[in-house]
Amino acid sequence: IEMVKKSGAALAGVGSLVCRGKNIDFGGKFLSLLKIDIPTFKPADCLLCKENIPVIKPGSRRGE
C-alpha cells in the first residue's frame, strides 16, 4: 500500500486468502477468499498462559 501511495498510483484494492475478522481500513476495497473469526486473548486472560503451557506457532511440531 505504501509503495502504491509513494508511486502516485491509486489503490485499486487489497486482497487476502484469509481474513481473521479484524476490521482494518486499507483505504480501498478489501476482498478475502475466507472470513473466519479467531478469538484473541491478552496474556492475563489466556488459558494456556495461566496453565504455563507454551504457545506453539501454527504448523510447528512439539518436541522437535
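Side-chain heavy atoms closer than 4.5 Å link hydrophobic residues (I, L, V, M, F, W, Y) into clusters, and following such links, even through other members, never connects L34 to F26. Linking ILVMFWY side-chain heavy atoms closer than 4.5 Å, directly or via other members, places L47 and I53 in two distinct hydrophobic clusters. M3 and L11 fall into different hydrophobic clusters, where Ile, Leu, Val, Met, Phe, Trp and Tyr are joined by side-chain heavy atoms under 4.5 Å apart, directly or via other members.
With rounding to the nearest 0.5 angstrom, the CZ atom of R20 is 7.5 Å from the CD1 atom of I36.
You'll find the side chain of C19 reaches within 4.5 Å of the side chain of F30, heavy atoms only.
Nearest heavy-atom pair, P43 versus C49, reported as atom, atom and distance to 0.1 Å: O-CB, 3.6 Å.
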